[in-house]
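Order of the sequence lines fixes the chain letters, A, B, ..., with proteins taken first and strands second; residue numbering starts at 1 for each chain.
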2 protein chains.
Amino acid sequence: MILSKGLKASSPLTTAQIEKRLNDVGVSATAQRIAICKYILCEADHPTAEDIKNWTDLNFPKLSRATVYNTLEILVQAGLLKELKLPHTGKIVYDTNVEEHFHFLDSATGKLFDVSPEECQVTLAMPKDISVQGVEVFLRGKISIK
Amino acid sequence: MILSKGLKASSPLTTAQIEKRLNDVGVSATAQRIAICKYILCEADHPTAEDIKNWTDLNFPKLSRATVYNTLEILVQAGLLKELKLPHTGKIVYDTNVEEHFHFLDSATGKLFDVSPEECQVTLAMPKDISVQGVEVFLRGKISIK
DNA sequence: ATGTATGCAAAGCATTTGCATTGCT
DNA sequence: AGCAATGCAAATGCTTTGCATACAT
């Protein structure tokens, strides 16, 4: 299983690096957006909008809720983020892993893990007139403690 | 692919039949619950609470929103219904198919179809310390018109 | 200056809750 | 009477929106 942190920058990104990533996808790098990206790309693990707001309240005072949602939408459009609506919660969570992958929820802790397509293979045998364009898999279970 | 209607009673259930099904699972069969079941078990296809409320507004005046939600929760607890939180909508939908199965969303029409475990097989190759207890699969695609 | 981004507060929407009322048994 | 079920309306929680202000080029 992919540990979610594994895909993130192992060390915090610099402001300049974040600016470049934003510019590369055509998003102007405002201070608010950089702050949000710092949290999302380096610290957070499948954060919700609320998680992000809580973090900015501590680290970037006066950043508004609207800007959080607005920025998230822009980052999703830009392909830097994936929006997840998972069945275990009503809240939308955001994923920095934009490659194809699935999710595993540890029911004991509520923690989400990414699952690679190698670890979870889906074999379809659907009627010929059905073309499947997207596959989402959500797993629940437990991690046994050794 | 299982046509959703295929699992429903092919002809409308009688009130007596619904009463029996409710009693069998230990749910007292009130007029409101029977009305809701009539819609859910015979007419509806993956309805939302709102769909049900709209139907009862026409067919069982004065049935309150609270009773709709309350009844749905009871039916879910009783195992007659499954609650689905699917990623394409913010609304909870209810499924009369309580057997293990997955879902396919026709992106063209927004219509949901049940998918049997034979049509969609999931092969897991997870680390040994992970025990998976639940698998949910959501497919999106198109149905080609012949 | 001009357009974009932001902040604030209010609105939306689905769902939940509290509580008084109704209706069985 | 006693208890469960219902109805009503308000509250909740997440997300979205409208609009005025501030910012950057």
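To the nearest angstrom, C1' of D:dA5 lies 8 Å from CD1 of B:Ile74. In this structure, the CD atom of A:Glu73 is 11 Å from the C1' atom of D:dT15, given to the nearest Å. Distance, A:Lys85 NZ to D:dG13 P: 20 Å, rounded to whole Å. Atom CG of A:Leu22 and atom C1' of C:dT4 are 15 Å apart (whole Å). Distance CZ (A:Phe60) to P (C:dA5): 15 Å, rounded to an integer number of Å.
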| task | Give the B/S/- string for nucleotides 8-25 of chain C, one per nucleotide from 5' to 3', where a protein heavy atom under 4.0 Å of the base yields B, of only the sugar-phosphate yields S, and otherwise -. | result | B-----SBBB--------
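Of the side-chain N and O atoms in A:Gln32, none sit less than 4.0 angstrom from OP1 or OP2 of D:dC23. Within the structure, a side-chain polar atom (N or O) of A:Thr30 is placed less than 4.0 Å from OP1 or OP2 of C:dT6.
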Under 3.5 Å, side-chain donor or acceptor atoms of residues 76-85 of chain A against the rest of the protein: list the pairs with distances, not counting sequence neighbours.
from, atom 1, to, atom 2, distance (Å)
A:Gln77, NE2, A:Glu73, OE2, 3.3
A:Lys82, NZ, A:Glu99, O, 3.3

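No side-chain donor-acceptor contact under 3.5 Å links B:Thr56 to the backbone of B:Asn59.
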| task | Map every base of DNA chain C to its dot-bracket character, where paired means a Watson-Crick or G-U wobble contact with both distances under 3.5 Å and | marks a partner outside the strand. | result | |||||||||||||||||||||||||
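Taking the six-membered ring where tryptophan is involved, the planes of B:His103 and B:His46 are perpendicular, since the angle between them exceeds 60° and thus also 30°.
Distance CG/B:Leu75 to CG/B:Asn70: 9.5 Å, rounded to 0.5 Å. For the atom pair OG1 of A:Thr71 and CD1 of A:Ile40, the computed distance is 8.0 Å after rounding to the nearest 0.5 Å. Taking CD of B:Gln17 as the start and SG of B:Cys42 as the end, the distance is 8.5 Å to the nearest 0.5 Å.
A side-chain contact (heavy atoms from CB on, under 4.5 Å) with B:Leu72 is found for exactly one of B:Thr48, B:Ile92, B:Ile52, namely B:Ile52.
For A:Lys111 and A:Phe113, the positive end sits near the middle of the six-membered ring, less than 6.0 Å away and at most 45° from its axis.
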